2 protein chains.
Amino acid sequence: MKIDFDGIQAFVVIAELGGFSKAAEHLHVTQTALTRRLQKLEAYLGLRLLDRTTRYVELTVVGREFLPQAQTIVGDVTRAVSRLKDVSSRSRGNFTLACIPTMASQMLPKAMRRYAETHPGNRIRIIDASGFEVRDAVLHGQAELGIGLPTESHVELEETLLLEEPYMFFCREEHPLSRKKQIVWSDLHEAELIGISTMSANRIFLDYQLAKRGIKLSGTYEVRHLSTAIGLVAAGVGVAILPNSTLEEGARPGLCRIPLTSPTIKRKIVILRKRNSTLSPAASAFFDLVLDQAGSS
Amino acid sequence: MKIDFDGIQAFVVIAELGGFSKAAEHLHVTQTALTRRLQKLEAYLGLRLLDRTTRYVELTVVGREFLPQAQTIVGDVTRAVSRLKDVSSRSRGNFTLACIPTMASQMLPKAMRRYAETHPGNRIRIIDASGFEVRDAVLHGQAELGIGLPTESHVELEETLLLEEPYMFFCREEHPLSRKKQIVWSDLHEAELIGISTMSANRIFLDYQLAKRGIKLSGTYEVRHLSTAIGLVAAGVGVAILPNSTLEEGARPGLCRIPLTSPTIKRKIVILRKRNSTLSPAASAFFDLVLDQAGSS
DNA sequence: CACCACTTATGCGAGTATAGAATCAATTCT
DNA sequence: AGAATTGATTCTATACTCGCATAAGTGGTG
């Protein structure tokens with residue numbers, strides 16, 4: 001059963017404009033084409049939809065009954081299709097992004113500002129979650145894109161490096177180590193370290209890197225979120241080793257940020273997407289934008 | 001903007017069945033054709049609707065969003081079209097018929113019974129009205145067909161003769177004229193005649209026919225409907241000259257029906273339709289049936 | 001009544017599109 | 001590694017649709 005949409009559209013336009021020639025002009029085809037399309041449709045259906053002489057065009061009884069249906073059909077189709085073309089050509093549409101909290105307050109705002117300029121009206125739904133959750137959200141399709149940490153490589157995931165940032169030492173100004181220009185890991189033996197929960201991707205990564213170099217850290221306290229850790233440091237509870245971007249420059253007076261060397265350990269931030277899956281144009285545009293931003297910094 | 005319905009249908013079926021080959025079988029085309037239809041649609045839209053490898057076929061984000069719309073579109077169209085094909089091939093559907101009351105109780109029942117046998121499920125809406133109203137109903141499109149009296153010929157109306165019936169004399173058995181085998185018009189001079197309203201098409205026709213022959217009738221009473229006239233005759237109020245079919249044979253014991261001759265005047269019953277307008281298949285089938293019934297009687 | 005203005009229908013030629021057969025290529029299962 | 005499955009591609013033949021030019025039908029007009 002091969003359905004003739006052109007014929008239905010021809011019928012609707014001819015009926016609405018009351019003539020083949022007018023309809024032809026409106027559809028940017030010749031009158032000949034319309035005559036034939038309607039003839040073909042009528043032949044296919046086996047009934048007449050329009051009674052026409054060279055003087056009048058008017059609906060038959062069946063045509064009058066069919067017209068409203070035909071109108072909604074044509075309307076629905078053209079509306080749906082033109083919406084899709086809009087989605088395609090101008091990257092219109094919304095999408096969902098999963099992102100770890102530090103990056104949500106660090107890198108995302110700038111990217112979102114730029115995106116809003118080039119794609120006004122598009123909304124980004126943000127899932128801020130832990131590194132693992134970001135990974136799962138992308139994997140299971142809850143989010144088209146994810147910003148997080150590198151994971152054990154998964155066949156269905158594609159990671160693209162956005163940036164690397166060093167781990168830094170954070171303490172209050174009153175702390176004995178606060179004067180040093182830089183700190184080595186062995187300085188930390190007896191510090192009151194505020195660690196991150198061993199369940200976090202961050203912590204696992206850090207432990208792994210340190211273990212490779214024979215370093216072992218034992219924290220006095222343990223929290224789940226980097227922002228909590230910063231809070232505790234500020235409150236004088238202890239010191240912490242955290243990614244540089246945990247704290248914006250100058251955000252908290254009284255806190256010191258000191259480079260950690262020998263070795264300098266950096267964590268990678270990647271953008272995640274499912275392999276072999278096509279991004280929506282809206283998400284794709286964002287992806288390109290973030291890569292561009294990362295490359296130019 | 002040329003819209004590719006086949007492509008949309010291909011998309012829906014492939015998405016629903018989860019594979020090109022299965023979908024191809026379902027649509028009775030080759031897998032090649034479907035691959036191309038979808039490619040063409042995607043190229044036209046400028047975006048990918050299905051991510052496919054040789055192993056999996058799955059929706060993209062955009063495709064998932066579009067699928068429900070596409071499904072309703074395809075559903076609506078195929079439903080509407082197949083309904084129309086049904087209307088065409090099996091004359092399914094309802095129509096409206098205008099009919100004068102005598103014929104509605106006389107000739108129509110048989111026609112409707114036969115129609116119901118060949119077209120079960122079809123409904124006929126009947127407008128029972130005067131001869132003039134029947135004509136107007138057809139002319140203005142309230143009814144596709146009309147059964148009534150011949151009118152002054154109108155360019156837009158086409159009349160086909162169904163039957164002719166003589167005017168008869170009706171009286172009670174006690175009436176002095178009831179013994180006669182036939183009655184001539186001059187017998188009626190002093191009868192108490194129950195006439196039909198001068199506004200009715202029936203009366204106008206009868207007066208015209210009689211006037212041509214120099215006969216003039218003066219009624220004592222005047223009513224609007226033939227059935228009322230019969231009632232009055234039965235009640236002994238008077239006698240009446242009415243078309244033969246006003247009373248079914250043997251319907252009212254005690255009433256006599258006597259032929260009127262010198263001359264015998266007959267009224268014609270015609271079926272009316274608008275000229276140059278196409279009947280719906282349902283109405284057309286009824287039209288043929290009625291003509292056939294008239295021809296064979 | 002012939003002619004005119006206007007509208008739809010048709011014959012014809014050409015360019016395009018679409019379908020199918022065979023084959024290829026990628027992927028998974030054994 | 002090989003077989004089996006499945007979507008993509010190439011090639012070719014057919015069918016389709018379009019547009020041009022023109023015919024044919026219809027209502028109005030002198």
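All values reported here derive from a predicted model rather than from experimental measurement. So that the names make sense, note that chain A is the first sequence line, chain B the second, and so on, each numbered from 1. Quick note: numbers below take in every heavy atom, side chains included, and nothing from hydrogens, waters or symmetry partners.
The distance between atom OH of A:Y44 and atom P of D:dC16, rounded to the nearest whole Å, is 14 Å. Distance, A:E25 CD to D:dG19 P: 14 Å, rounded to whole Å. Rounding to whole angstrom units, CG of residue B:L38 and P of D:dT6 are separated by 18 Å. The interatomic distance linking A:R275 (CZ) with C:dT27 (P) rounds to 12 Å, in whole Å. To the nearest angstrom, P of D:dC18 lies 11 Å from CG of A:L27. Look at CG on B:L50: it is 16 Å from P on D:dT6, rounded to the nearest Å. When the P atom of D:dT17 is taken as reference, atom CG of A:L34 falls 13 Å away, rounded to whole Å. Atom CG of A:N276 and atom C1' of D:dG7 are 14 Å apart (whole Å).
Using a 4.0 Å cut-off on heavy atoms, none of the residues of residues 3-14 of chain B approach DNA chain C.
Residues B:L47 and B:L49 meet the side-chain proximity criterion, which asks for heavy atoms closer than 4.5 Å. Side-chain contact between B:L149 and B:R135: absent, with no pair of heavy atoms (C-beta onward) separated by less than 4.5 Å. Taking 4.5 Å as the limit, some side-chain heavy atom of A:I269 sits within range of a side-chain heavy atom of A:M103.
Taking only distance into account, the side chain of B:R36 meets the base of C:dG20 through a donor-acceptor pair shorter than 3.5 Å. For D:dG7, its base never sits under 3.5 Å from the side chain of B:T54 at any donor and acceptor pair.
In terms of phosphate contacts, B:Q31 brings no side-chain nitrogen or oxygen within less than 4.0 Å of OP1 or OP2 of C:dA21. Close to C:dG20, at under 4.0 Å from its OP1 or OP2, lies no side-chain N or O of B:T32. Between B:R52 and D:dA8 there is a side-chain polar atom (N or O) within less than 4.0 angstrom of OP1 or OP2. Side-chain nitrogen and oxygen atoms of A:T35 include at least one within less than 4.0 Å of the OP1 or OP2 phosphate oxygen of C:dA9. Here B:K40 does not reach the OP1 or OP2 of C:dA17: none of its side-chain N or O atoms lies under 4.0 Å away. At the phosphate of D:dT5, neither OP1 nor OP2 sits under 4.0 Å from any side-chain N or O atom of B:S21.
In this structure, B:S88 contributes its side chain and A:L45 its backbone to a donor-acceptor pair below 3.5 Å. With hydrogens and angles disregarded, a donor-acceptor distance shorter than 3.5 Å links the side chain of B:S82 to the backbone of B:T78. Checked by atom type and distance alone, the side chain of B:Y115 pairs as donor or acceptor with a backbone atom of B:A282 at under 3.5 Å.
Along DNA chain D, the nucleotide nearest to A:R55 and the one nearest to A:V29 differ in position, and the one closer to the 5' end is contacted by A:V29. Each of B:Y56 and B:R37 was assigned the nucleotide of DNA chain C with the nearest heavy atom; the assignment lying further toward the 5' end belongs to B:R37. When each of A:T53 and B:K2 is assigned the nucleotide of DNA chain D with its nearest heavy atom, B:K2 is the one assigned upstream, toward the 5' end.
A salt bridge between A:D4 and A:K40 is present, with a side-chain N of the basic residue lying under 4.0 Å from a carboxylate O of the acidic one.
Comparing C:dA19, D:dA8, C:dA9 by their nearest atom to the side chain of B:Q39 picks out D:dA8.
A:R125 CZ: 12 or fewer foreign heavy atoms inside a 6.0 Å radius.
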